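Residues take their numbers from the sequence shown, with the count starting at 1. The basis for the numbers below is simple: all heavy atoms, side chains too, and nothing from hydrogens, waters or symmetry mates. Since the structure is predicted, the reported quantities are computational estimates derived from the model, not experimental observations. For ligands, and for the atoms within them, numbers begin at 1 and follow the listed sequence.
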Amino acid sequence: MLKKNFFEFNFEGLKNFLIKDLGIEEKKVSMRRKQIWQSVYQKGSFEIKNLTTFPLELRDKLNSLISLQRPKIINTQTSSDGTIKWLIKFFDGNEVECVYIPEKTRATLCISSQVGCTLNCRFCHTGTQRLVKNLSFAEIINQVIIAKEQINDWDEQKKISNIVLMGMGEPFYNYDNVKTAVEILKNKEGLNYGPKKITVSTAGIANRIPEAANEIGTYLALSLHAPTDDIREMIMPINKKFKIKDLIEQCKYYSSVVKEKITLEYVMLRDINDSVECANQLVKLMAQFSCKVNLIEFNPWPGVQYLPTERSEMEKFGKIIQDSGYIATIRRSRGQDIFGACGQLRTESEKKKIYKN
Ligand code: SAH
């Protein structure tokens with residue numbers, strides 16, 4: 001019989017499995033579930049034979065039914081700044097990239113939600129790769145597990161202190177899997193990350209934002225990148241569908257539910273969105289809801305048509321926002337030399353062609 005993969009169970013699914021397939025009595029099921037969940041997600045123990053909280057007989061039965069196999073890392077690149085990029089191959093052969101970014105007092109793991117992307121943002125390398133597929137919640141969580149294994153980050157240490165869904169793909173176009181993955185990340189018996197340790201970044205799928213406020217509840221980053229619909233549409237085709245006004249409305253709601261500022265991401269493209277006029281227009285937008293802006297250095301990639309804004313110009317732009325009373329930070333780019341920085345992730349996975357007879 002084909003074994004089930006442990007990571008394909010969410011918290012509820014595992015309970016049903018333990019009752020139905022393993023024959024555990026109802027009154028003991030919560031305890032047993034907690035024991036396995038903690039041993040895998042918190043201790044990083046991937047051998048059922050080491051699950052000593054289970055009686056031997058139960059362990060044997062469990063071992064015959066499930067596997068704890070994880071996808072494989074097929075390439076590792078380390079940047080001169082300490083950033084590490086892993087290329088992960090899933091069981092179906094598809095690949096995604098996942099980036100570990102250590103800083104002085106914290107470390108962030110940037111994970112992907114899709115293989116490829118449908119959005120085609122003009123400045124983003126992932127956008128040149130067609131959407132291959134949505135990742136399952138197991139595949140999203142496996143990126144965290146694999147990274148934790150690589151840097152030996154188990155028990156209380158939390159070397160990876162923050163998790164951002166800012167890798168390949170649009171999280172809100174894979175909403176259900178992202179939601180379940182975040183549940184596992186937040187679960188106290190699971191990976192145990194507080195909601196304020198997780199950030200979901202969206203290109204602005206406005207109609208998903210209210211649900212996400214109620215069901216996901218992490219920090220939200222909105223990839224705004226332009227202060228007017230005209231400019232935004234030019235660099236982000238998704239703006240044809242969801243206008244800035246709608247985004248602001250939904251973000252207002254999100255920040256009122258989650259009670260945190262929305263982070264606006266603003267990649268600075270020379271002569272496109274970096275004028276003084278743009279800064280002033282951005283200030284007017286920022287006045288409408290609770291937010292702060294992250295000015296991002298543009299990371300070029302082969303074949304791209306944009307240039308980065310000079311550092312001094314970025315500072316000038318940031319100062320206009322700060323002088324108006326809002327928070328603007330300039331995000332230092334990490335892992336550029338290994339193409340591990342924002343918008344530089346891309347894999348060779350392609351959608352399988354389906355031939356009809
Ligand atoms: N689809 C989601 C999450 C992935 S992108 C979103 O759009 O938010 C993560 C961030 O990197 C986004 O803000 C994206 O706009 C930005 N980005 C994309 N390409 C970039 C590049 N070449 N340089 C800098 N940032 C980039």
K.L.:
Measure the shortest side-chain to side-chain distance between Leu269 and Ile235 over non-hydrogen atoms and say whether it is less than 4.5 angstrom.
P.N.:
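When only atoms from C-beta onward are counted, Ile235 and Leu269 do touch, with a gap below 4.5 Å.
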K.L.:
Checking a contact table here: which protein heavy atom is nearest atom 15 (O) of ligand 1, and how many Å away?
P.N.:
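Sorting protein heavy atoms by distance from atom 15 (O) of ligand 1 puts His225 NE2, 2.5 Å first.
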K.L.:
Is Gly167 close enough to touch ligand 1? Criterion: a residue heavy atom under 4.0 Å from a ligand atom.
P.N.:
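True for this residue.
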K.L.:
Please list, in number order, the atoms of ligand 1 under 4.0 Å from a heavy atom of Val267.
P.N.:
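Within the 4.0 Å cut-off of Val267, ligand 1 contributes 23 (N), 24 (C), 25 (N).
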K.L.:
N/O to N/O below 3.5 Å, does that happen between Phe123 and ligand 1?
P.N.:
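Looking only at distances, the answer is yes, because the N/O contact criterion of under 3.5 Å is met.
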K.L.:
Trp301 heavy atoms, cut-off 4.0 Å: which ligand 1 atoms fall inside?
P.N.:
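It comes down to these atoms of ligand 1: 22 (N).
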K.L.:
Taking 4.0 angstrom as the limit and counting only heavy atoms of Gly169, give me the atoms of ligand 1 inside it, by number and element.
P.N.:
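What qualifies from ligand 1 is 1 (N), 2 (C), 3 (C), 4 (C).
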K.L.:
Below a 4.0 angstrom heavy-atom separation, can you tell me which part of Thr202, side chain or backbone, both or neither, approaches ligand 1?
P.N.:
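Backbone only.
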K.L.:
Any idea which part of Glu170 is under 4.0 Å from ligand 1, heavy-atom wise: side chain, backbone, both or neither?
P.N.:
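Looking at Glu170 and ligand 1, atoms from backbone and side chain both fall under 4.0 Å.
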K.L.:
Quick check on Glu297 - does any of its heavy atoms sit under 4.0 Å from an atom of ligand 1?
P.N.:
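Judged by the 4.0 Å heavy-atom criterion, Glu297 does count as contacting ligand 1.
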K.L.:
Starting from atom 12 (C) of ligand 1, locate the nearest protein heavy atom and write down its residue, its atom name and how far away it is, to 0.1 Å.
P.N.:
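Protein heavy atom at minimum distance: Ser223 OG, 3.1 Å.
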K.L.:
Verify whether one side chain among Glu170 and Thr202 offers a donor that lies under 3.5 Å from an acceptor in the other.
P.N.:
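Per modelled atom types, Glu170 and Thr202 side chains form a pair under 3.5 Å.
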K.L.:
Does Asn299 reach ligand 1 with a nitrogen or oxygen that is under 3.5 Å from one of the ligand's nitrogen or oxygen atoms?
P.N.:
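Checking ligand 1 against Asn299, an N or O pair does fall under 3.5 Å apart.
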K.L.:
At a 4.0 Å threshold, what atoms of ligand 1 neighbour a non-hydrogen atom of Ser201?
P.N.:
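Selected atoms, number and element: 2 (C), 3 (C), 6 (C), 8 (O).
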K.L.:
Closest non-hydrogen protein atom to atom 25 (N) of ligand 1, residue and atom name please, with distance?
P.N.:
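Answer for atom 25 (N) of ligand 1: Cys342 CB, 3.2 Å.
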K.L.:
Check whether any heavy atom of Tyr306 sits under 4.0 Å from an atom of ligand 1.
P.N.:
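In this structure, Tyr306 fails to qualify as a contact of ligand 1 - no heavy atom is under 4.0 Å.
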K.L.:
Decide whether Asn63 and Asp60 meet the rule of one side-chain donor and one side-chain acceptor closer than 3.5 Å.
P.N.:
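Their side chains do not contain a donor-acceptor pair, so the 3.5 Å distance test is not met.
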K.L.:
Do Pro300 and ligand 1 have an N or O pair less than 3.5 Å apart?
P.N.:
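Among all N and O atoms of Pro300, none is under 3.5 Å from an N or O of ligand 1.
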